[in-house]
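Numbers restart at 1 for each chain; the letters A, B, ... are given by sequence-line order, proteins then strands.
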Number of protein chains: 2
Amino acid sequence: MSSTLKDIAQKTGVSVSTVSRVLHDNTKKYKISDETQEKVKSVAKEMGYRINTLARGLRLQKTFEIGVIVPDIANPFFSAVIKSLAGELRKGGYNFIVYDTDEDISIERSAIKSLLEKRVDGLIIASVGQEFSHIHKVREAKIPLVMIDRCFDFLDIDSVSVDNVKGALLAVNHLIKEGHSRIAFIQGLPGTYANETRLQGYKQALDEAEIKIDEHLIVGDDFRSLNGYLETKHLLKLTSPPTAIFTAGDLIALGALEACRENGVSIPKDLSLVTFDDPVFTSYLSPALTAIEQPITKMCEMAVAMLYRRMRNSDDERRKVLLEPKLNVRNSVARLSALSNITHITKKQ
Amino acid sequence: MSSTLKDIAQKTGVSVSTVSRVLHDNTKKYKISDETQEKVKSVAKEMGYRINTLARGLRLQKTFEIGVIVPDIANPFFSAVIKSLAGELRKGGYNFIVYDTDEDISIERSAIKSLLEKRVDGLIIASVGQEFSHIHKVREAKIPLVMIDRCFDFLDIDSVSVDNVKGALLAVNHLIKEGHSRIAFIQGLPGTYANETRLQGYKQALDEAEIKIDEHLIVGDDFRSLNGYLETKHLLKLTSPPTAIFTAGDLIALGALEACRENGVSIPKDLSLVTFDDPVFTSYLSPALTAIEQPITKMCEMAVAMLYRRMRNSDDERRKVLLEPKLNVRNSVARLSALSNITHITKKQ
DNA sequence: ATATGTTGTGCAAACGATTGCATTCGTAAT
DNA sequence: ATTACGAATGCAATCGTTTGCACAACATAT
């Protein structure tokens, strides 16, 4: 049974204030005699004193907790983000509380509600997107907020993410350079920042190469592997199938791999594949996937730094940071020779 | 700016008690007139009232929070566990706070300290193991506790995990049945429950098959992929290398794959591989890995159920639950023909 | 002798919610 | 007229900390 300052005060014969000052007051403002200090400390230890952070938080109006909200903890990208954020926050003496929204906006709403009720000192959110009224509530509550992985241009909020458009450009341009022109895009959840910006990059790359966009090659509707599986099966059945697929996320790529395996489609011989996200296992897959890597550590460091800044100075100018993505070329893309390209076109007709 | 019960009381002209009862009291014990209820509710909404869980927790001596401690959030096994626990806890109206200990006992200690200071209502811990004094503190604080994934026989604490010995037996027996006898084991962190029990199963399987245990084939010292990589390189260099490797965890297996790829060792042709843990991506690897699957969902459901039981009745008999592992046979194990087997034995002598 | 400091400690008011125990008023039963 | 009761609400203590201010005791300077 945990004892309180009062218990210790009674046992030592000093006041609660004195005990509090000995045990928690780091300022040297109050000079407590060494004798008293000794006594209080030893009694505290003996009685197994443990501070009550609820009482402290209530009194101080500060909890040293940061709320973190992500769409899917089990997604390797986000579990890496969480791990990285945790380390950064710990350095600054903050704890954190994570919520997993399952890419569901209503869960996100209730997560924010809970965190505000807990009086967290700050919030880092990888929002589902789509809708933003609940985000505004955070602003109204004057809780420092940084958005991560998703930067909405139209929201006046600090945010840091990778340059998704550029990432998609890198991926698709790579495919084009290797001779592909029928390139499919398997999307994630439409309406989300990550998806829309990657789609934009995809389209832009095709435009710049003067390849006509075929809407039949833009498919899919969420970031999970089942989506990748089903849409790949669908794409393979088209009368004029793509020679390459660009997937919007790592799990989608896994689903695509499974579909190919089942259909006896060999990557990269029969079909090339590039994906956004580059979790630890991509290089061990069969084949090792060519992928767009995000600078996760840097992203998290910046998010935390921006949050701290905002906590210190609430009316500093807001910033939106875009980090550079990187293309990791591995073995999932085949060079389409002019000949095979022609063969392919011939087959098509 | 969040308002308080007092603010609302003042604005409506009723007492704080009444406001509290209208807004939070689910018992119908106090009959508040419909008129008052209406008024209070509308003012509360208008003023953006948000309950302060610190104050409530302090008063009620109950926080509706469960602390969860795992060794590595980024490990797919644990991120799946967290996701699953989160869902289960949410159903019961509990929130949770996760700590990642990085398999470091001192971080585990401070995590427990923090969680007790936060006055969580219960704790679910996947302990690093090795040492237990800090676990006893939880007992002393009379906080309900369930250990997950790690069941220490000598601790009188509720726990649920997979039957690691049996899992290892399944894995190694499978290798033996396919004709292997020089089977290496790449360990995780020595001294941890997961590691010791898996090692035990490994040894038992060899014993039962009357294969002499070669200590040179038992290597490694943590659950990360680098360990798998380095130890595989080492094993491949032995004058009499193993024909099969059993790895203690998924990340170790990834490292092993990388080492093999670098050395041009083909799996399963040149070397067979079985691993403990079976995350979503194992079947997409090259080759798809034969692996021991743990019933994660069930494990988490049981852990939460046991915790709830313990929270209701603190002196109920304690239980230790062992769940059944499952062997998923894929393509990473080759059958060693009698001939090659004999050749091999000859080589040994 | 008076003023001025310094040192060490305690008082009491917050922080925001909950709840057992009044209290007030009206109505119905005896 | 007295009693009893139910409905609707308020009082005040409590949960455990923090901290501005006050104060006592003593030392030093003028």
Side-chain angles (χ1 to χ4, degrees), chain A residues 1-41 43-44 47-65 114 116-121 141, chain B residues 1-41 43-44 47-65 114 116-121 141:
Chain A
M1 203 91 346
S2 173
S3 54
T4 67
L5 292 184
K6 197 170 159 194
D7 299 334
I8 296 172
Q10 271 158 7
K11 187 137 180 183
T12 52
V14 299
S15 74
V16 173
S17 331
T18 302
V19 178
S20 170
R21 292 198 260 250
V22 171
L23 262 25
H24 310 304
D25 205 317
N26 44 5
T27 77
K28 289 292 159 231
K29 188 169 157 192
Y30 301 96
K31 307 247 146 206
I32 311 286
S33 70
D34 289 353
E35 191 191 4
T36 307
Q37 291 203 27
E38 287 303 311
K39 196 168 49 178
V40 168
K41 280 179 184 161
V43 172
M47 299 182 72
Y49 174 75
R50 188 159 16 238
I51 196 175
N52 184 321
T53 56
L54 299 173
R56 162 178 253 211
L58 181 59
R59 172 64 228 238
L60 294 184
Q61 302 287 75
K62 181 158 170 56
T63 56
F64 298 95
E65 307 270 357
S114 287
L116 292 181
E117 287 177 352
K118 287 189 209 315
R119 303 309 201 253
V120 292
D121 294 339
Chain B
M1 201 95 343
S2 174
S3 53
T4 69
L5 291 184
K6 198 171 160 194
D7 298 335
I8 296 171
Q10 271 158 6
K11 186 135 180 184
T12 51
V14 300
S15 73
V16 173
S17 332
T18 301
V19 178
S20 170
R21 292 198 259 252
V22 171
L23 261 26
H24 310 304
D25 205 317
N26 43 6
T27 76
K28 289 292 159 235
K29 188 169 157 192
Y30 300 96
K31 308 248 146 208
I32 311 286
S33 71
D34 290 352
E35 192 191 3
T36 309
Q37 292 204 27
E38 288 301 314
K39 197 168 47 178
V40 169
K41 280 180 185 160
V43 171
M47 299 181 71
Y49 174 74
R50 185 156 24 233
I51 196 174
N52 185 320
T53 55
L54 299 173
R56 162 178 253 211
L58 181 59
R59 171 65 227 237
L60 293 183
Q61 303 288 71
K62 183 158 168 57
T63 55
F64 298 95
E65 306 269 357
S114 287
L116 293 181
E117 287 177 351
K118 288 188 208 316
R119 302 307 201 256
V120 291
D121 294 339

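With rounding to whole Å, A/Leu60 atom CG is found 16 Å from D/dC15 atom C1'. Protein atom NZ of B/Lys31 is 15 Å distant from nucleotide atom C1' of D/dC5, rounded to whole Å. When the P atom of D/dT9 is taken as reference, atom CD of B/Gln37 falls 9 Å away, rounded to whole Å. Rounding to whole angstrom units, CG of residue B/Leu54 and P of D/dC15 are separated by 18 Å. Across the protein-nucleic acid pair, B/Lys118 atom NZ and D/dG16 atom P stand 18 Å apart, rounded to whole Å. Computed from coordinates, the B/Ile51 CD1 to C/dT18 C1' distance equals 10 Å when rounded to whole Å. One can place CZ of A/Phe64 at 15 Å from P of D/dT17, the figure rounded to the nearest angstrom. In this structure, A/Arg119 places its CZ atom 11 Å from C1' of C/dC15, rounding to the nearest Å.
Each end of the helix from C/dA1-D/dT30 to C/dT30-D/dA1 yields a helix axis from five base pairs, and these two axes differ in direction by 60° (to the nearest 10 degrees).
Out of C/dG16, C/dT18, D/dT9, the shortest distance to the side chain of B/Arg59 is found at C/dT18.
A heavy-atom distance below 4.5 Å is not found between the side chains of B/Thr53 and B/Glu65. Side chains of A/Tyr49 and A/Leu5 form a contact here, defined as non-hydrogen atoms less than 4.5 Å apart. Using a 4.5 Å cut-off on side-chain heavy atoms (C-beta onward), B/Met47 and B/Ile8 make contact.
One finds the NZ atom of A/Lys118 at 8.0 Å from the OG1 atom of B/Thr63 (value rounded to the nearest 0.5 Å). Atom CZ of B/Arg119 and atom CZ of A/Arg50 lie 6.5 Å apart (nearest 0.5 Å). Atom-to-atom distance recorded for B/Ser114:OG and A/Ile51:CD1 is 11.0 Å, nearest 0.5 angstrom. Between A/Thr12 atom OG1 and A/Glu38 atom CD the span is 13.0 Å, to the nearest 0.5 Å. Note: B/Asp7 CG to B/Ser2 OG = 8.5 Å, rounded to the nearest 0.5 Å. Interatomic distance, CG of A/Leu23 versus CD1 of A/Ile32, reported as 11.0 Å (0.5 Å rounding).
Taking for each of B/Ser33 and A/Val16 the nucleotide of DNA chain D with the nearest heavy atom, the 5'-most of the two is the partner of B/Ser33. Both B/Thr18 and B/Leu58 lie close to DNA chain C; mapped to their nearest nucleotides by heavy-atom distance, the more 5′-ward contact belongs to B/Leu58.
Between A/Gln61 and C/dA14 there is no side-chain polar atom (N or O) within less than 4.0 angstrom of OP1 or OP2. B/Arg56 has a side-chain polar atom (N or O) that falls below the 4.0 Å cut-off from OP1 or OP2 of C/dT18. Taking side-chain N and O atoms only, A/Ser20 has no distance below 4.0 Å to OP1 or OP2 of D/dG16. Distances shorter than 4.0 Å separate some side-chain N or O of B/Ser15 from OP1 or OP2 on D/dG10.
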Return the polar atom pairs (N/O with N/O) between nucleotides 21-26 of chain C and the protein under 3.5 Å, or none.
none

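Side chain A/Ser17 to base C/dT9: no donor-acceptor pair is found below 3.5 Å.
Remark: B/Arg56 does not engage A/Glu117 in a salt bridge, criterion side-chain N to carboxylate O under 4.0 Å.
B/Thr53 comes within 4.0 angstrom of no nucleic acid atom, judged by non-hydrogen atoms across all strands.
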